[in-house]
Participant: 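Dropping a structure here in structure tokens format, bear with me for questions.
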Amino acid sequence: MTAQTDTPGSVTTVYKVNGMSCGHCEGSVSGEISGIAGVSSVTAVAATGEVTVVSAAPLDEEAVRAAVDEAGFEFVGKA
């Protein structure tokens with residue numbers, strides 16, 4: 001489920017992030033990605049390493065990478 005449009009005007013993208021192991025990790029990653037302009041929701045799942053992002057338009061992958069780096073985790077790319 002990469003860059004799939006759920007509703008008009010929104011894009012859902014799933015990214016892979018290494019290093020998350022708990023709810024605190026999920027919150028850190030979600031919090032940083034939520035700060036990117038246009039992001040409406042973020043769901044991080046430590047068990048799978050997947051982060052689902054809903055945004056108004058496709059995001060700049062480098063902005064997502066920078067947010068994940070800021071949270072202290074390894075951005076792998078789109079899942």
Participant: Identify the heavy atoms of Ser10 and Val54 that sit nearest to each other, and give their distance.
Facilitator: CB-CG1, 4.0 Å
Participant: Other than Val76, what residues sit in its cluster of Ile, Leu, Val, Met, Phe, Trp and Tyr side chains whose heavy atoms are under 4.5 Å apart, directly or through others?
Facilitator: none
Participant: I need the full list of ring-ring contact (aromatic ring centres under 6.0 Å, His included) pairs touching residues 32-62, with sequence neighbours left out, sorted by first then second residue.
Facilitator: none
Participant: Does the Thr43 side chain pair with the main chain of Thr52, one donor and one acceptor, at a distance under 3.5 Å?
Facilitator: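 Flag not set: sc Thr43 to bb Thr52 has no pair under 3.5 Å.
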Participant: According to the ring-ring contact (aromatic ring centres under 6.0 Å, His included) rule, which pairs have a member within residues 37-70, sequence neighbours left out?
Facilitator: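 Listed once each, the pairs would be none.
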Participant: What closest approach, in Å, do Phe75 and Val64 show between heavy atoms, and which atom pair accounts for it?
Facilitator: CE1-CG1, 3.5 Å
Participant: Checking Asp60 now: which residues fulfil side chain to side chain contact (heavy atoms under 4.5 Å, CB included) with it, not counting sequence neighbours?
Facilitator: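 Listed in chain order: Glu62, Ala63.
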Participant: How many angstroms lie between CG in Leu59 and NZ in Lys78, if you round to the nearest 0.5 Å?
Facilitator: 9.0 Å
Participant: Under the side chain to side chain contact (heavy atoms under 4.5 Å, CB included) test, which residues partner Ala67, sequence neighbours left out?
Facilitator: Glu32, Ile33, Ile36
Participant: Applying ring-ring contact (aromatic ring centres under 6.0 Å, His included), can you list everything that pairs with Phe73, at least two apart in sequence or on another chain?
Facilitator: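 Listed in chain order: nothing, the list is empty.
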Participant: Using distance only, find each side-chain donor-acceptor pair of residues 20-30 under 3.5 Å and give its atom names and separation, not counting sequence neighbours.
Facilitator:
residue : atom : partner : partner atom : Å
Glu26   : OE2  : Ala46   : N            : 2.7
Ser28   : OG   : His24   : O            : 3.1
Ser30   : OG   : Glu26   : O            : 2.9

Participant: What pairs with Glu74 under side chain to side chain contact (heavy atoms under 4.5 Å, CB included), at least two apart in sequence or on another chain?
Facilitator: Asn18
Participant: Only counting residues at least two apart or in another chain, list the ones meeting side chain to side chain contact (heavy atoms under 4.5 Å, CB included) with Glu50.
Facilitator: Val14, Lys16, Thr48, Ala79
